[in-house]
2 protein chains.
Amino acid sequence: MEIINNVENVKSQMRKGVLEYCILSILAKKDSYAPALIAELKQAKMIVVEGTLYPLLIRQKNQGFLTYRWEESPQGPPRKYYTITEKGRAALQEMDQAWQDVVNSIQYIKNEL
Amino acid sequence: MEIINNVENVKSQMRKGVLEYCILSILAKKDSYAPALIAELKQAKMIVVEGTLYPLLIRQKNQGFLTYRWEESPQGPPRKYYTITEKGRAALQEMDQAWQDVVNSIQYIKNEL
DNA sequence: AATTAGTACCTTGCAAAACAAAGTACATGA
DNA sequence: TCATGTACTTTGTTTTGCAAGGTACTAATT
């Protein structure tokens with residue numbers, strides 16, 4: 001069981017690294033709000049929970065990567081819809097490169113080292 | 001500069017997630033010791049420093065993924081050579097899958113969401 | 001009017017881990 | 001014996017994911 005536990009941990013670590021990248025990538029396509037983001041990430045098999053996502057969105061907003069607006073919900077309380085900014089798109093481009101770099105590094109280690 | 005700083009941070013986060021995986025991958029090919037590992041990771045453009053690597057090796061040893069032996073150096077103090085164990089190889093296989101899962105998730109988010 | 005269920009947002013406390021920086025120790029040659 | 005190079009370790013700080021608990025709004029049910 002220990003191996004599984006550790007691999008779960010590594011998996012969680014790997015998620016950490018790309019979560020910010022995933023959020024910006026999704027919001028680059030269309031505005032969204034927290035529970036919808038969680039559902040979309042789940043669909044991509046990238047598990048996130050509220051306690052992780054909300055602080056992350058707030059951090060990204062504080063960095064100027066996102067803005068938000070309140071929108072009425074057809075059912076329940078209003079939703080906080082996040083929109084990516086120009087600055088956020090610029091950061092996303094950098095992250096695309098960063099992600100590619102990591103993928104290349106792994107490939108190098110696996111095949112060429 | 002702020003964007004660059006944040007991207008550096010994200011890059012560092014991404015590294016975090018795969019570092020343990022990289023170490024096991026390298027040691028699966030041949031035994032090594034800390035400064036040599038640092039050099040090899042640097043060659044793969046995956047920057048790590050001593051303060052990160054040494055505790056990581058100790059953790060992996062404590063989990064039973066690695067063992068070590070002391071070996072004389074042609075120059076300087078003896079080296080601690082790490083060897084991957086069977087348990088370590090099993091964990092590495094799991095991590096191969098975990099890494100592939102993350103790659104697939106990103107791909108899904110980018111192309112199919 | 002009060003209660004319940006569903007939805008949404010936020011915060012607190014804890015644990016893990018990367019990193020910078022400083023420290024210890026051994027070997028070799030000047 | 002002192003300086004230099006190599007190697008291993010530890011300490012303190014900071015970041016961040018996550019579990020758990022809390023607040024608040026809406027609509028349907030009693």
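Reminder, nothing fancy here: chain letters follow the sequence lines and each chain counts from 1. Heavy atoms only: backbone and side chains are in, while hydrogens, waters and symmetry mates are out.
Between B:Asn62 atom CG and C:dA16 atom P there is a gap of 13 Å when expressed in whole angstrom units. For B:Ile58 and C:dA16, the CD1 to P distance is 16 Å, given to the nearest whole Å. Whole-Å rounding puts the B:Leu53 CG to C:dA18 P distance at 10 Å. The distance between atom CD of A:Gln75 and atom C1' of C:dA5, rounded to the nearest whole Å, is 10 Å. One can place CG of A:Leu66 at 14 Å from P of C:dC9, the figure rounded to the nearest angstrom. The CG atom of A:Leu19 sits 14 Å away from the C1' atom of D:dT15 (whole-angstrom rounding). Counting to the nearest Å, the P atom of C:dA8 and the CD atom of A:Glu71 are 12 Å from each other. When rounded to the nearest whole Å, the span between CG of A:Leu56 and C1' of D:dT16 equals 9 Å.
Using a 4.0 Å cut-off between charged nitrogen and carboxylate oxygen, B:Lys29 and B:Glu40 do not count as a salt-bridge pair.
Among D:dC8, D:dC25, C:dC9, the nucleotide with an atom closest to any side-chain atom of A:Glu50 is C:dC9. Out of D:dC18, C:dC10, C:dC19, the shortest distance to the side chain of B:Val49 is found at C:dC19. Listed nucleotides: C:dA8, D:dA7, D:dC18. Nearest to the side chain of B:Pro77: D:dA7. Distance from the side chain of A:Pro35 is smallest to C:dA8 among C:dA8, D:dC8, D:dC18.
Taking side-chain N and O atoms only, A:Arg59 has no distance below 4.0 Å to OP1 or OP2 of C:dC10. Look at A:Tyr54 and you'll find a side-chain N or O under 4.0 angstrom from OP1 or OP2 of C:dC9. Under 4.0 angstrom from either OP1 or OP2 of C:dC9 there lies no side-chain N or O belonging to A:Tyr33. Distances shorter than 4.0 Å separate some side-chain N or O of A:Thr52 from OP1 or OP2 on D:dC18.
Side chains of B:Asp96 and B:Gln100: a donor-acceptor N/O pair is absent below 3.5 angstrom, by distance only.
Following chains of ILVMFWY side-chain contacts shorter than 4.5 Å, one cannot reach A:Leu66 starting from A:Tyr81, and the two form parts of different hydrophobic clusters. Linking ILVMFWY side-chain heavy atoms closer than 4.5 Å, directly or via other members, places B:Leu56 and B:Tyr54 in two distinct hydrophobic clusters.
The NZ atom of A:Lys45 lies 11.5 Å from the CD1 atom of B:Ile109; values are rounded to the nearest 0.5 Å.
If you find the closest nucleotide of DNA chain D to B:Tyr68 and to B:Gln13, the one lying nearer the 5' end belongs to B:Tyr68. Nearest-nucleotide positions on DNA chain C place A:Pro78 closer to the 5' end than the other of A:Pro55 and A:Pro78. Of the two residues contacting DNA chain D, namely A:Pro74 and A:Val48, the nearest-nucleotide position lying further toward the 5' end is that of A:Val48.
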